[in-house]
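One structure is given below, encoded as structure tokens.
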Amino acid sequence: PSPAGQPDVLVVGGGIGGLGAAFALSRRGLAVRVLERAPEFGEVGAGLQIAPNCTRILAEYGLLDEARALGVVPENMVMRDALDARELTRLDLADLERRYGFPYLVIHRSDLHGILLRACERAGVELLTDHTVTGYENTDAGALVRLADGTAQEAPLVVAADGLHSVARRDLIGDAVVSSDYVAYRAAVPIERVRDHGVAERDVTVYVGPRCHFVQYALRGGEMFNQVAVFESPKALAGRDDWGTPDELDAAFEGTCDTVRRGIPLMWRDRWWQMLDRDPVETWVHGRIALLGDAAHPPLQYMAQGAIMAIEDGWTLARHHARQAEAAPEGAAPDWDAVVAAYEAVRVEHCRRVQTTARAWGELWHLDGEDRLRRNAIMRERDPYDYAFTDWVYGPTALTPEEEPPMFTPVPLASAHLGDERDAAGL
Ligand code: FAD
């Protein structure tokens, strides 16, 4: 038994990943403590897309109704060319829900974070703010974290969910973040402000263009409209530190279609997000310290799976805890080493696939010239009801490497028929 007052699990970081893991593990009857460095729990940013591989888990947690009530279930996901606005391909999200059994939702980040926070409170998770972790160490009985105030805390398992700039990642792996030289601007505005922009209020629309893209969808029951503008920064390419500034935003979208251009002045200009990720690594578990969420696998956001992968991580840890508990002799504690080994065995490869696909996706979206036309030709030929490219992500979260579905193999650009595209583009 743990010493008095010591939790079974310490979770560092109270973002979506940390809270998701804390809730999942508390449902196993474990005593969980979350250490968050900020003075309050919260999320910055605007909208978040949550695909069926996440809503499936929220349903299991009993949280899907709340998510549905606070979010929006869009009708379609439509991809358009950002220059000429023509439709390239779409997903019918009602049909997608039938296929995967769970909806595709869009929700404000702070609403999803709030749902997880309230679930943790109800489950009795100990939630501590103003706790900054500065170091990690394995011990005989588990692992300990050192805090900025000079104290230390110990538990049989420490989950490091401290995000892209993770201290645990720095100490245990020591790799650097990778800059894509792209930057994101976000905004959520009252829907009235975009009503005459030609927007599709019931769809998620992604406009893909040369070195830029633009995402739009409604939030909060349709009262708000979320927009994300992403572009390659010339200042970043020139090696400058102050890259991604608002003057670059305006220039990047100059040649785009009307609906996109009209959205740009509404973007928040006091804050932007440089698009960084890390190369995948094979080891997330170091003794009893397990990396989770962006600390383990920060992606570029083009697959919209970052927060989802973090939630899947926590669910997987808890499921393997359950398996080990069933296998343990009566009264004995589950084998934490086996739990984290099983977690790492399945999650590392899945997240590697998502991270590398997100990078490739970004390249495909941002093509120019003939390659843009090739991409458009291939996308336009796609059957909207062909789910080969979503099955490996939106299906049930695998618990073992054997359950992980095969990856989608994209059609090579070189195979595209360019004739029609050239005509359509007036070339
Ligand atoms: P974080 O949210 O970074 O949380 C880390 C937490 O740890 C923070 O609360 C932080 O304060 C705390 N912390 C950090 N250091 C310490 C410390 N030393 N001690 C104590 N606490 C600490 N994902 C999706 O699934 N769908 C989307 O549509 C989507 N869109 C995106 C759009 C953009 C523009 C971006 C940038 C990302 C998007 N993502 C999306 C990705 C998603 O936002 C992240 O993957 C996800 O939020 C990661 O959650 P996390 O809890 O692992 O990390």
Side-chain angles (χ1 to χ4, degrees), residues 10-22 33-51 53-55 57 71 77 104-110 112-113 116-117 127-136 145-149 153 158-171 180 182-187 204 206 213-215 217 219 226-231 244 267-268 271-278 291-314 351 354-355 358 362 393:
L10 276 169
V11 175
V12 181
I16 288 170
L19 294 184
R33 181 182 298 158
V34 178
L35 305 173
E36 165 59 48
R37 77 174 162 194
E40 275 172 43
F41 285 96
E43 259 284 341
V44 279
L48 201 60
Q49 303 179 47
I50 48 175
N53 57 318
C54 184
T55 49
I57 293 175
M77 160 99 79
Y104 195 104
L105 271 182
V106 292
I107 188 165
H108 201 288
R109 302 170 83 85
S110 57
L112 180 62
H113 186 269
L116 292 170
L117 187 65
L127 296 158
L128 304 180
T129 50
D130 286 315
H131 280 67
T132 302
V133 171
T134 54
Y136 295 76
V145 297
R146 298 202 179 280
L147 291 142
D149 65 3
Q153 298 198 16
V158 171
V159 173
D162 51 347
L164 173 67
H165 298 290
S166 162
V167 170
R169 175 94 176 207
R170 183 197 67 200
D171 288 1
S180 69
Y182 275 73
V183 61
Y185 279 71
R186 293 159 152 169
V204 174
V206 184
H213 75 265
F214 195 67
V215 184
Y217 51 83
L219 280 176
N226 183 67
Q227 303 195 110
V228 188
V230 177
F231 62 90
M267 305 312 294
W268 295 329
R271 177 125 202 225
W272 48 90
W273 285 263
Q274 296 178 342
M275 306 270 73
L276 314 170
D277 70 353
R278 290 178 188 268
L291 300 177
L292 180 143
D294 272 8
H297 46 73
L300 296 179
Q301 91 282 18
Y302 308 132
M303 295 274 293
Q305 284 280 320
I308 297 178
M309 288 191 287
I311 288 173
E312 289 183 308
D313 289 347
C351 297
V354 175
Q355 281 177 291
V393 207

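One-based numbering, in listed order, for ligands and for the atoms of each. Side chains are part of it too, since the values below use all heavy atoms of this structure and drop only hydrogens, waters and symmetry mates.
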Quiz item: Short list, please: which atoms of ligand 1 are under 4.0 Å from a heavy atom of Val12?
Solution: 19 (N), 20 (C)
Quiz item: For atom 50 (P) of ligand 1, what is the nearest protein heavy atom, given as residue, atom name and distance?
Solution: Gly17 N, 3.9 Å
Quiz item: For ligand 1, which atoms sit closer than 4.0 Å to a heavy atom of Thr132?
Solution: 19 (N)
Quiz item: Would you call Asp162 and Arg37 a side-chain contact if the rule is heavy atoms closer than 4.5 Å?
Solution: no
Self-check item: Proximal atoms of ligand 1 relative to Arg109 (non-hydrogen, under 4.0 Å)
Solution: 31 (C), 38 (C), 42 (C), 43 (O), 47 (O)
Exercise. Give the residue, atom name and distance (to 0.1 Å) of the protein heavy atom nearest atom 34 (C) of ligand 1.
Key: Arg186 NH2, 3.2 Å
Quiz item: Which is closest to atom 53 (O) of ligand 1 in terms of heavy atoms, Gly15, Ala21, Gly163?
Solution: Gly163
Practice problem: Any atoms of ligand 1 less than 4.0 Å from a non-hydrogen atom of His131? List them with their elements. | Solution: 19 (N), 20 (C)
Quiz item: Where on Gln49 is there a heavy atom closer than 4.0 Å to ligand 1, on the side chain, on the backbone, on both, or on neither?
Solution: both
Quiz item: If hydrogens are left out, which of Gln301, Glu43, Glu36 has an atom nearest to atom 2 (O) of ligand 1, that is, the closest non-hydrogen atom?
Solution: Glu43
Quiz item: Got a donor-acceptor contact below 3.5 angstrom from the Gln355 side chain to the Pro298 backbone?
Solution: yes
Quiz item: So do the side chains of Val230 and Trp273 get within less than 4.5 Å of each other, counting heavy atoms only?
Solution: no
Quiz item: Does Ala161 approach ligand 1 within less than 4.0 angstrom via side chain, backbone, both or neither, non-hydrogen atoms only?
Solution: backbone
Exercise. Between Ala38 and ligand 1, find which residue part has any heavy-atom pair under 4.0 Å and reply side chain, backbone, both or neither.
Key: neither
Quiz item: Going through the checks in order, is the side chain to side chain contact (heavy atoms under 4.5 Å, CB included) test met by Asp149 and Asp130?
Solution: CA-CA 10 Å; Asp149 65 3; Asp130 286 315; over 6 Å; no
Quiz item: Considering only the protein, which heavy-atom contact is closest to atom 44 (C) of ligand 1, and what is its distance?
Solution: Asp294 OD2, 3.4 Å
Quiz item: Is the shortest heavy-atom distance from the side chain of Val106 to the side chain of Asn226 under 4.5 Å?
Solution: no
Exercise. Please work out whether the ring planes of Tyr302 and Tyr182 are parallel, tilted or perpendicular, with thresholds of 30° and 60°.
Key: perpendicular
Quiz prompt | Residue pair Glu36 / Gly15: nearest heavy atoms and the distance that separates them | solution = OE1-N, 4.2 Å
Practice problem: Please identify which atoms of ligand 1 are closer than 4.0 Å to at least one heavy atom of Ile16. | Solution: 51 (O)
Practice problem: Please examine the side chains of Pro299 and Asp294, heavy atoms only from C-beta on, and report whether any two atoms are closer than 4.5 Å. | Solution: yes
Quiz prompt | Arg170 versus Thr134, closest heavy-atom pair with distance | solution = NH2-O, 3.9 Å
Self-check item: Residue among Arg278, Met309, Gln305 satisfying side-chain contact (heavy atoms from CB on, under 4.5 Å) with His297
Solution: Met309
Exercise. Could you check if a side-chain atom of Ile16 sits within less than 4.5 angstrom of a side-chain atom of Leu48, using non-hydrogen atoms only?
Key: yes
Quiz item: Which protein non-hydrogen atom lies closest to atom 7 (O) of ligand 1, naming both residue and atom, and how far is it?
Solution: Gly13 CA, 3.2 Å
Quiz item: What atoms of ligand 1 come closer than 4.0 angstrom to any heavy atom of Val167?
Solution: 18 (N)
Exercise. Can you sort out which atoms of ligand 1 are near Gly293, meaning under 4.0 Å from one of its heavy atoms?
Key: 52 (O)
Quiz item: What do you reckon, does Ile308 have a nitrogen or oxygen under 3.5 Å from a nitrogen or oxygen of ligand 1?
Solution: yes
Quiz item: Nearest to atom 29 (C) of ligand 1, what protein heavy atom do you find, and at what distance?
Solution: Leu48 CD1, 3.5 Å
Quiz item: Does some side-chain heavy atom of Leu147 sit less than 4.5 Å from a side-chain heavy atom of Val133?
Solution: yes
Quiz item: Can you list the steps and then say if Leu276 with His165 is a side chain to side chain contact (heavy atoms under 4.5 Å, CB included)?
Solution: CA-CA 10 Å; Leu276 314 170; His165 298 290; 4.1 Å; yes
Quiz item: Looking at Val133, which atoms of ligand 1 are within less than 4.0 Å of one of its heavy atoms?
Solution: 17 (C), 18 (N), 19 (N), 20 (C)
Quiz item: Any idea which protein heavy atom is nearest atom 24 (C) of ligand 1, and the distance to it?
Solution: Ala307 N, 3.4 Å
Practice problem: Tell me which protein heavy atom sits closest to atom 13 (N) of ligand 1, plus the residue, atom name and distance to 0.1 Å. | Solution: Arg37 NE, 3.8 Å
Practice problem: Provide, to 0.1 Å, the distance between atom 14 (C) of ligand 1 and the closest protein heavy atom, together with that atom's residue and name. | Solution: Asp162 O, 3.3 Å
